[in-house]
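As structure tokens, the structure follows; a few thoughts come after it.
Counting starts at 1 for both ligands and their atoms, in listed order.
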Amino acid sequence: MSDATFPTIAGFCNSHSHAFQRLLRGHVQRRDPARRDTFWTWREKMYDLAGTLDLQGIEDASRLCFIECLEAGYTAVGEFHYLHHDRQGQAWSDPTAASRAVIRAARQAGIRITLLWTVYAQGGHTQSLGPEQSRFGVQSIDNVWREIDALMGTQDGEFVNLGIALHSVRAVPRAWMQPLASGARSRGLPIHAHVSEQRREVDECREQMGLSPVALLATEGVLGPNFTAVHATWLDDTDLTLLKDHNAIVCICPTTEGDLGDGIPRTAALHEAGIRICIGSDSHAIIDPFAELRALEYQARATTERRCVLVDETGHVAPALTAIGHTHGYASLGLSAEGDAVTVNAKARVFDGNAEPMGTLMTAGHPGIIDQVRVGGELRVREGRWLEG
Ligand SMILES: [Zn+2]
């Protein structure tokens, strides 16, 4: 296959990231023989890691993560950021210091970022924050806007954007939801939230609020075209209809959800309902957009016992995956994609003997076949390696 016939593909968008969790990779793959290993036991280890990082550690971990994202073909990232305070849970002298460190890391790496300033105010529907969550906490809605408004100057309309995240329905008081959503809309900010990742959180929400997490967010006016539901693993039919009716986006993170044993989302039903799906590498157990997209399609196949499910109107799976890998992701982050592109090495072995490169990318693509990555027209990766400075 000649270079001339090989398409340059759009840059991938990583709509859900916790960059510091990149440091967990490899350290959380051992089962404690004394108990059942679950998302909730993994979370304890994640809290332990979060408790060790100072400002420089947050910045260094973020830069490492973002560079790996670029080498994997991601040209934009949505950083769901909740390490707001120092290791003792106290405010830094500049309360926005950690947010600025993450943004600085993205600029140094050369990736576009939407910093999703994350509201985390309680440990559960009826629980205050635990000591291990004190770094994440915020005391009032006024504090949320004070910090976000202080960061507004970091936006440049091209490479850095801001958004707000409600950590989850368990971590944000119900009375805060509507004011936060309307404040976000008046500022033009995208809104993200972890939604229905674990069955336990859905059950607790139904018990405490009498509604599913999606229905609660709808009732409080949070859903809309600028809202992205992250995970959305355990949806019922009503949830699906609500997401569709509000033109919300769903961000699925298949490799992390697989790593955490979250469950299998209703990928085929979401796609067939016309709900926009995007992807995220979340905990960064692996950073590989091809793996995320392939897993989505295979989830859809496994649950419908059909093939080629996430297709476009011509029936081809690859263009739909471009929409999921790129277009919907950029929409979820409110970012420009001008000049973002990935060039694949057409001489890579996976293409030998194959006539349809996009179909091959879908089934056999991986970051090792990436040659160049451009962000805003600037070359950030060449021969698969990040270009410093
Ligand atoms: Zn997350």
* Structure fact -> Within the 2.8 Å cut-off the protein N, O or S neighbours of the Zn ion (ligand 1) are His16 NE2, His18 NE2, His194 NE2

* With a cut-off of under 6.0 Å to the ring centre and 45° to the axis, is Arg200 in cation-pi contact with Trp40? -> yes

* When you measure from the centre of the six-membered ring of Trp145, is the NZ or CZ of Arg187 under 6.0 Å away and within 45° of the axis? -> yes

* Cut-off 3.5 Å, side chains only: do Thr314 and Asp312 have a donor facing an acceptor? -> yes

* Asked: Can you find a side-chain donor-acceptor pair between Arg63 and Gln108 that sits under 3.5 Å?
  ->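 There is such a pair between these side chains.
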
* Asked: Is the gap between the ring centers of His284 and His16 under 6.0 Å?
  -> no

* Non-hydrogen atoms of Leu162 and Thr114 that approach each other most closely -> C-CG2, 3.9 Å

